[in-house]
Each structure stands twice: as structure tokens, then as C-alpha cells.
Amino acid sequence: MYDTIVGVVKTFQIAIDGPVAAGKGTTAKLVAQRLGFLYVDTGAMYRSLTLYSQRAGVVLTDEAAVVGLLQKDKPHVDLRVPSESERDGRLCTVLLNGEDVSWKVRTEEVSRGVSIITQYAGVRDMITPLARKIAETQDVVMEGRDITSVVLPRADMLIYMDAQPMERAIRRHRELLMRGEDVTLDQVHADLVERDERDSHRQIAPLKKVPGAWILDTTGMTIDQVADKIVERVNEKRSQEN
Ligand code: DC
């Protein structure tokens with residue numbers, strides 16, 4: 001599709017936000033596959049910077065130390081569609097300075113750390129332009145917490161995906177057990193509520209429902225049903241535009 005004003009290729013952007021385990025990742029990946037779009041997991045980008053900081057031994061609650069380290073070292077974060085040999089259940093391949101950290105960024109330790117460093121403006125200022133740049137060059141399904149509000153507020157489709165907290169905790173607990181992590185459902189539920197609280201109440205780029213967003217409650221729905229709904233709406237929108 002061509003933007004008639006500036007004559008450059010205009011990409012189709014689907015922006016998805018929502019709390020932990022609302023089904024954003026698996027749904028976004030499936031929608032991207034069906035439409036031939038790129039799936040962009042911005043949480044994985046923040047997770048990579050968290051892992052980098054933890055490995056360097058900085059105290060994550062020390063904002064100046066974290067931002068200083070990341071600004072000095074400028075670790076390189078890359079996302080790509082998993083290659084044939086990387087298809088082990090991951091949604092995307094995450095590279096940190098070239099190292100495959102796709103699973104290393106999914107531990108509970110990184111999950112706890114990431115919600116601390118995503119509160120820092122200096123950290124967000126590293127990821128936001130990177131995410132925007134990706135969406136300017138290809139059709140994307142991008143998910144996170146501030147995609148509809150900050151990163152791509154003018155996206156073709158703005159979605160806020162949600163589900164009831166206990167259902168989200170059960171989904172997340174199942175995922176962690178499959179990965180061999182030893183946690184109880186109660187722990188996962190408490191962690192999830194705490195992280196939601198932090199993501200929605202932080203001063204900078206909090207998770208919120210923006211005006212005009214499609215509120216999609218996935219409670220009791222399968223991933224396929226959610227993906228079908230989104231693809232159907234995208235196709236409707238595209239046919240209206242043509
Ligand atoms: O979606 P996730 O669980 O991988 O996200 C990891 C953390 O990063 C989570 O605490 C929310 C935060 N995040 C954010 O603040 N902004 C984004 N665009 C994506 C994730």
C-alpha cells in the first residue's frame with residue numbers, strides 16, 4: 001500500500017497491549033503467521049536488557065547504575081522469526097549481542113527484574129525508537145504494554161487484550177511448569193497481580209486502555225478463536241480501505 005502524501009510504502013500495524021498472560025504473545029504470533037506479518041515482542045527486548053544488567057551485577061533498583069551501564073555498553077538486541085533448528089516452542093528468537101537468549105529471558109528471575117527496569121525513562125528511550133523503526137519498515141503485530149499509547153498510537157488497529165486474573169495465573173503457571181520451573185499457582189498469582197499493579201501504576205508509559213482501542217477479553221477463549229477474531233477484523237478493515 002502506498003501513502004499518497006509522501007510516496008513511501010505504508011505498513012499495516014497491529015498494536016496489542018494487555019496485562020501478563022492475557023494471551024498477547026501466542027495470539028500475536030498466530031495472527032502474524034496467518035497474515036504474513038512480523039511478530040514483535042517488545043517485552044522480550046526489555047527482558048534482554050534486564051538479563052544484561054543482571055549478568056553485569058548491577059542492583060536493578062539503582063536507576064542510575066542500570067541506565068549508565070546500558071548507555072555505556074549499548075547491548076545489541078535483535079528479534080527474528082525462529083529458524084528451522086530453533087523451533088522449540090519459542091514465539092520468536094531473541095538475540096543479545098548475538099547470543100540466543102530466547103529462553104534465558106523467560107525465567108522468573110528476569111520476570112521480576114524486568115518490571116523494575118521498565119520504570120526507567122532511560123531504559124524505555126532505548127527500546128521505543130527501535131520498536132518504531134521495525135514497524136516503519138514492515139507490517140507488524142507488535143505487543144507490549146505501551147504499544148497503543150506510546151510506540152504506535154496511530155496503528156491501523158489498537159487492541160487491549162485482557163482475561164480474568166485467575167485464568168491468567170493458571171495459564172502462566174502451566175507454562176512455567178512445562179519449562180521445569182518449580183513454582184506454586186499461589187506464587188504465580190501473587191507475582192502476576194504485583195506486576196500488573198506495577199505496570200499500570202508506574203509514572204512512565206503505564207499500561208492503560210486508550211480511547212478507540214478494541215477491548216478483547218480472552219477469558220474462556222482458545223488462542224485460535226482470538227486469532228480468528230483479529231484476522232477477520234483486519235481483513236474487513238483492509239477490504240474497506242481498498
Ligand atoms: O510481556 P512481558 O511479560 O514479556 O513483559 C515483560 C515486562 O516488560 C513486563 O513487566 C511489562 C514490561 N513491558 C513494558 O513495560 N513495555 C512494553 N512495551 C513491553 C513490556
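First listed ligand is number 1; within each ligand, the first listed atom is number 1. Hydrogens, waters and symmetry mates are skipped; everything else that's a heavy atom, side chains included, is used.
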* Decide yes or no on side-chain hydrogen bond (donor to acceptor under 3.5 Å, both in side chains) for T219 and D217, but give the supporting numbers first. => CA-CA 6 Å; T219 308; D217 188 333; 2.6 Å; yes
Starting from [atom], which protein heavy atom do you reach first, and at what distance in Å?
atom                    : result
atom 7 (C) of ligand 1  : V114 CG1, 3.4 Å
atom 12 (C) of ligand 1 : T118 CG2, 3.7 Å
atom 3 (O) of ligand 1  : R47 NH2, 3.0 Å
atom 18 (N) of ligand 1 : D146 OD1, 2.8 Å
atom 19 (C) of ligand 1 : T42 OG1, 3.4 Å
atom 16 (N) of ligand 1 : R124 NH2, 2.9 Å
atom 1 (O) of ligand 1  : R145 NH1, 2.9 Å

* Near S115, which atoms of ligand 1 are under 4.0 Å from a heavy atom of that residue? ->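 Checking each atom against S115, I get 10 (O).
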* **Subset of ligand 1 atoms that lie under 4.0 Å from at least one heavy atom of G43** =>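 Listed by number with element, the hits are 4 (O), 5 (O), 19 (C), 20 (C).
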* Is the side chain of R145 donor-acceptor paired with the backbone N or O of A205 at a distance under 3.5 Å, no angle test? ->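 No, R145 side chain to A205 backbone: no donor-acceptor pair under 3.5 Å.
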* Do Q119 side-chain atoms and S115 backbone N/O form a donor-acceptor pair below 3.5 Å? ->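 The answer is yes, because a donor-acceptor pair under 3.5 Å joins these two groups.
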* **Over all atoms of both residues, closest heavy-atom pair of D41 and C92** =>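 Looks like CB-SG, 4.1 Å.
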* Salt-bridged, R34 to D224, with N to O below 4.0 Å? ->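 Salt bridge: yes.
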* Should we count CG of D182 as having more than 12 external heavy atoms under 6.0 Å? ->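 It does not: D182 CG has 12 such atoms or fewer within range.
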* **Single-linkage hydrophobic cluster, 4.5 Å side-chain cutoff, F12 and M142 together** =>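 No, no single cluster joins them.
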* Asked: Are L130 and L38 linked, directly or through other ILVMFWY residues, by side chains that come within less than 4.5 angstrom of each other?
  ->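 As far as the 4.5 Å side-chain criterion goes, L38 and L130 are connected within one cluster.
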* R106 and ligand 1 - part of the residue with a heavy-atom distance under 4.0 Å ->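 For R106, only side-chain atoms sit under 4.0 Å from ligand 1.
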* Asked: Does ligand 1 have a heavy atom under 4.0 Å from the side chain of D199, from its backbone, from both, or from neither?
  ->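 Looking at D199 and ligand 1, just side chain atoms fall under 4.0 Å.
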* Report yes if R202 has an N/O atom closer than 3.5 Å to an N/O atom of ligand 1; otherwise report no. =>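 Indeed, backbone or side chain, R202 has an N or O that close.
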